[in-house]
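The block underneath contains the structure these notes are about, expressed in structure tokens.
Every chain is numbered from 1 and lettered A, B, ... according to where its sequence line falls, protein lines coming before strand lines. Values in this document were obtained by computation on a predicted structure and should not be read as measured data.
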Amino acid sequence: MRKELEKQYNPKNVEDRTYQMWLDKNYFHAKREAGKKTYTIVIPPPNITGQLHMGHALDNTLQDILIRYHRMAGYDTLWVPGTDHASIATEAKIVEAMKKEGLTKEQLGREKFLERAWAWKKQYGGRIIEQLKKLGSSCDWERERFTLDEGCSKAVNEVFCNLYEKGLIYRGERIINWCPHCLTSISDAEVEYEEQAGHFWHLRYPFKDGSGYLELATTRPETLLGDTAVAVNPKDERYRDAVGKTLILPLVHREIPVVADDYVEMDFGTGVVKITPAHDPNDFEVGLRHNLPVINVLTDDAKITDDYPAYAGMDRYEARKAIVRDLEAEGALVEIEDYSHNVGTCYRCGTTVEPRVSKQWFVKMKPLAGPAIDAVKNGDTKFVPQRFEKVYFHWLENIRDWCISRQLWWGHRIPAWYCADCGEITVSRTAPAACAHCGGTHLEQDSDTLDTWFSSALWPFSTLGWPEQTEDYKHYYPTNTLVTGYDIIPFWVMRMMFSGLEQTGRVPFDTVLIHGLVRDAQGRKMSKSLGNGIDPLEVIDQYGADALRFTLATGNSPGNDMRFSDTRVEASRNFANKIWNAARFILMNLSDDEPAPHIPEDLALEDKWILSRFNTLAEGVTDALEKYELGMAVQKLYDFIWDVFCDWYIEIAKIRLNGSSEAAKQTVKAVLVYVMSNTLKLLHPFMPFITEEIWQALPHTGESIMISEWVKADDALRFSAEEEEMERIMTAIKAVRNRRAEMNVAPSKKAKVFIETAYADTFAKGKVFFERLASASEVEVGAKFDGLDDAVSIITESARMYIPMAELVDFQAEIARLQKEKAGVQKELSMVNGKLSNENFVAKAPAAVVEGQRQAKARLEEKLALLDESLQNLEKRR
RNA sequence: GGACGUUUAGCUCAGUUGGUAGAGCAUUCGCUUGACGUGCGAAGGGUCAGCGGUUCGAGUCCGUUAACGUCCACCA
């Protein structure tokens, strides 16, 4: 007994069961099959802090489409899943949770804190994996990884030591971005700039010798405490004499020099800049050039240090007020001006970042950036769409050394030990027993951890077992496609590229497929603070995973943002339902012993037509997938299934299914099954659940659609003559429907149709279609009919049709209508003629285009002749 | 200041080797059509942001202007 399908598709009855079946059969597992080409994707590992959002849903839908397509197309396909420990984000969440219990990190201690972190990982890491499964992601769960697991940690240590040994990692005192809330350094990429309204405080610093003042302006008066110089441009005539003189720093009354440095813009403000090397990156550089002292005035949490008793313990904004007040009292404040400027904030918590001099670990970037740039320039890795190469190049070409140490506990601890005896550093892959320099045993490991992106950078190879030369690594590395959002290029893509090249000598992937952001229906970025995020799981619950996937894949072009709205998901849900009902119809007509899909022998016109159209579809979908045009592929499928297969072929198929010929029934059933089940294959990467469910219900060979063979275009299925014949018939049917609708004739009112045509053979084959699709009670095809002068006439390029409904004919209106139609045809024809009589066009345009125009001309002329003839007849009658 | 993107039907968007435009939704009209009203048939609606250029031919290539958006830089 064939399964009775419900009238509407209900994804809830299908999805979990189907996914479990795939898991049970182990279809997602890559088996390192000999002789097969490999196709590998490593997942951008979601943070364990959050849950799946629409961005993940898009990212993973695209990956799953590519993975499922390649698996069917015969590749040994691997999708490596996993999660990211997200050091700073996770640690912040745990600290926050602890705060509610009245606990701090320090009270708990490192070890206990890490226990909590691992418990967190277990709980939330697991949740996100479950969510990926709900989406239908066909990841190889046996190969699931975590950035902080043993293997990845080993890779991290290996890379750290390797770079250190090559002199590409160093420890040094530099100015870095410090987050006073997260209490850690962050990298340049982790700073977000935002425009803030602020002020310009104009100050004057007196010369020591009493010869007056230098006036300057600052946005951060509190840093005055750490000023160690004032700078002017060496070319600035106004201050030529001032250079080399000594100023008295207001409030502090320290003596500071006036230096000359090109960094100062003469045109901006007064052309005088106060220099605070400890709290401004540019000033730090100036300080280096002029050997200025570096005076740190702020604590970790951005409070004034005890060195300045008047302000000690005040946070930077309090101190600012106090200092401004005191400056005013001292007469050093000239004026306060409103000023809007960009302020760096922590991408994690939004706190204003404090540039700060601090001892940190860095990766020397210049030697690593070069090969990463070259690899994209010479095409070893390409971006889709290509324009994102520019973002990539821009970052690498302007890159500064990467600050990789973080004052956090949750992460890979830096494999460096400090010797209490000699003070030297020992960097080692495993905990050293003794100092490498003096042999002392009083070693203490660096308390810092590494930037979370340090381990992410190794993800394409660390997940495959590197640094061991594992079978997986040898088999699946380099990977093929990396799918990610454009916002993550500087954080991740770039770093994977230089890490892969440096460590493995090869690019980590050949293609980077970039997608945009998913925005809400108003085009706003989905965010927690706005509360406008749409939970993919709720969408799946309401409409099904296939509908969500289809929505995300459709009408989306690479690299562009997309808006997400319910009406779009509804359209996708309706599409799923349409497919479901097409299948239901086919199944209704099948017997229990229906043979597996095959192409029968005695094909009718419409069979050849649909097979030919299907063949074109298979070719187009495959082609689009190969070119990463997923939106194109899905559009082609939608159009074919709905407009071609359902609206035309199934309707026409009903004629034979209800007919008396058993042979014809077998043929049409076979074609229905063949086209349906093979179309489902093409659709499977996009809508895996419904396609599996229907495919299983249809006659089939094999266990599952997801491991069935991809459909290849086949020249034996190209029937261009039949396609043309069907086009003529379909155009005529549409014209009849159109005319009837214009005249408000109810479909139930059937009428005889006479078809005058030079294509009598074609229309003879299509006679029955008119009955089914154009409300014809009877159809006659002939070269010429008489006595139909009172009938409604309809003219296409291939035929003149008459419907005898004299009561509906108004001759005046009819003449006007035909004349209008004639004018239209004439206009088109003169355009075509214009082209064809243009020697340049005929000579230079491709032959196919010229030929197309010739055919168009012929068709238009035929139609024009038919129109003329009808008009003459009508004129005569009047 | 620099770079990039967007500007196509009322709305949201497709349109990839240049051959004078499509979809979904919305609107209007008609439909108990034996798979589906989450449906069927039909209709209206666009000088493809403006200007200039290349070309036989430009939504598509080049230049330029404008609006909007994003990223980068940061003149303190």
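- Contacts between residues 741-751 of chain A and RNA chain B, defined by a heavy-atom separation under 4.0 Å, are made by A/Ala741, A/Asn744, A/Pro747.
- Nearest to the side-chain atoms of A/Ser557 among the listed nucleotides B/C74, B/G15, B/U38 stands B/G15.
- Closest approach of A/Ile323 and A/Pro221 over heavy atoms only: CG2-O, 4.0 Å.
- In this structure, a donor-acceptor pair under 3.5 Å is present between the side chains of A/Glu594 and A/Ser591.
- Ranking B/A35, B/C25, B/G19 by closeness to the A/Phe841 side chain, first place goes to B/G19.
- Going from atom CZ of A/Arg737 over to atom P of B/G41 covers 6 Å, rounded to whole Å.
- Across the C1' atoms, B/A42 and B/U55 are found 40 Å apart, a figure rounded to whole Å.
- Cation-pi geometry between A/Lys654 and A/Phe585 is met: under 6.0 angstrom from the ring centre, within 45 degrees of the axis.
- Residue A/Glu839 places its CD atom among 12 or fewer non-hydrogen atoms of other residues, nucleotides or ligands, all under 6.0 Å distant.
- Side-chain proximity of A/Asn738 to B/A43, B/C36, B/U20: nearest is B/A43.
- No more than 12 heavy atoms of other residues, nucleotides or ligands lie within 6.0 Å of CD in A/Gln386, so this atom counts as exposed by the packing criterion.
- The OH atom of A/Tyr392 sits 17 Å away from the C1' atom of B/C72 (whole-angstrom rounding).
- Comparing the same atom, C1', in B/C13 and in B/A73 gives a spacing of 33 Å after rounding to whole Å.
- Backbone-only contact: A/Trp642 has heavy atoms under 4.0 Å from sugar-phosphate atoms and none from a base.
- Here A/Asn282 lies in heavy-atom contact (under 4.0 Å) with sugar-phosphate atoms only.
- For the residue pair A/Lys636 and A/Thr616, no side-chain donor N or O sits within less than 3.5 Å of a side-chain acceptor on the partner.
- In this pair, A/Phe640 and A/Phe645 present their aromatic rings parallel. The plane angle is below 30°, not in the 30 to 60° band.
- Taking atom P in both B/G45 and B/A9, one finds a spacing of 14 Å when rounded to whole Å.
- Nucleic acid contact class of A/Pro490 (heavy atoms, under 4.0 Å, all strands): none.
- Heavy-atom neighbours of A/Lys827 NZ from other residues, nucleotides or ligands within 6.0 Å: at or below the threshold of 12.
- Side-chain N/O atoms of A/Lys654 include none lying less than 4.0 angstrom from OP1 or OP2 on B/G34.
- Residue A/Ala571 is the one, among A/Asn342 and A/Ala571, whose nearest nucleotide of RNA chain B lies closer to the 5' end (criterion: closest heavy atom).
- The aromatic rings of A/Trp642 and A/Phe575 sit parallel, their planes meeting at an angle under 30°, below the 60° perpendicular limit.
- For the P atoms, the distance linking B/C11 with B/G50 amounts to 16 Å, nearest Å.
- Residue A/Lys390 has no polar side-chain atom (N or O) positioned under 4.0 Å from OP1 or OP2 of B/A3.
- Using a 4.0 Å heavy-atom distance criterion, A/Tyr628 is classed as making no nucleic acid contact.
- Taking atom NZ of A/Lys734 as the reference point, atom P of B/G30 lies 23 Å away to the nearest angstrom.
- Here the P atom of nucleotide B/U70 and the CD atom of A/Glu195 are 13 Å apart, to the nearest Å.
- Note on A/Met831: a base of the nucleic acid sits closer than 4.0 angstrom, heavy atoms only.
- Contacts of A/Lys627 with the nucleic acid, taken as non-hydrogen atoms under 4.0 Å apart, are absent.
- When heavy atoms are screened at a 4.0 angstrom cut-off, A/Trp580 is found touching no nucleic acid atom at all.
- Contact annotation: A/Lys636 does not reach the phosphate of B/A14 (side-chain N/O to OP1 or OP2, under 4.0 Å).
- Checking A/Gln522 against A/Asn532 by side-chain atom types alone, no donor-acceptor pair falls below 3.5 Å.
- Atoms CG (A/Asp227) and P (B/A76) sit 15 Å apart, rounded to a whole Å.
- Nearest to the side-chain atoms of A/His394 among the listed nucleotides B/U33, B/C72, B/U38 stands B/C72.
- Between the side chain of A/Glu629 and the base of B/A14 there is no donor-acceptor pair of N/O atoms closer than 3.5 Å.
- Closest to the side chain of A/Arg563, from the set B/A14, B/C13, B/U33, is B/C13.
- Taking atom CZ of A/Phe388 as the reference point, atom C1' of B/U6 lies 12 Å away to the nearest angstrom.
- Note that the CE atom of A/Met676 and the CD1 atom of A/Ile586 stand 5.0 Å from one another [nearest 0.5 Å].
- The phosphate of B/A76 (OP1 or OP2) has a side-chain N or O of A/Tyr339 nearer than 4.0 angstrom.
- One C1' atom belongs to B/U64, the other to B/U70, and the distance between them is 22 Å to the nearest Å.
- Other residues, nucleotides and ligands contribute over 12 non-hydrogen atoms within 6.0 Å of the CZ atom of A/Arg387.
- Counting any heavy atom pair closer than 4.0 Å across all strands shown, A/Asp647 reaches sugar-phosphate atoms only and no base atom.
- When each of B/G19, B/C56, B/A76 is scored by its nearest atom to the side-chain atoms of A/Thr219, the top-ranked nucleotide is B/A76.
- If you take atom C1' in B/A14 and the same atom in B/G59, they sit 12 Å apart, rounded to whole Å.
- Residue A/Asn840 has its side chain nearest to B/C56 when only B/C56, B/U38, B/C40 are considered.
- One atom, NZ of A/Lys844, and another, P of B/U54, lie 13 Å apart when rounded to the nearest Å.
- Here the CZ-CD1 distance, from A/Arg739 to A/Ile794, works out to 6.5 Å after rounding to the nearest 0.5 Å.
- The side chain of A/Arg387 lies closest to B/C4 when the candidates are B/C36, B/A35, B/C4.
- Residue-to-nucleotide proximity on RNA chain B shows that, of A/Val842 and A/Phe645, the 5′-proximal contact is made by A/Phe645.
- A/Trp648 places its CH2 atom 12 Å from the C1' atom of B/C40, with the value rounded to the nearest Å.
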Legend entry - Base-pair map of RNA chain B as dot-bracket, where | denotes pairing with a different strand and pairs are Watson-Crick or G-U under 3.5 Å: (((((((..((((.....[..)))).(((((.......))))).....(((((..]....))))))))))))....
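- The side chain of A/His341 approaches B/A76 more closely than any other nucleotide in the set B/A76, B/A35, B/C74.
- If you look at A/Phe200 and A/Tyr339, their ring centroids are closer than 6.0 Å.
- The P atoms of B/C25 and B/C62 are separated by 35 Å, rounded to the nearest whole Å.
- No engagement by A/Val391 is indicated, since no non-hydrogen atom pair under 4.0 Å with the nucleic acid exists.
- Spacing between B/C29 and B/A66 at atom P, rounded to whole Å, works out to 46 Å.
- Side-chain proximity of A/Asn560 to B/G19, B/C4, B/G5: nearest is B/G5.
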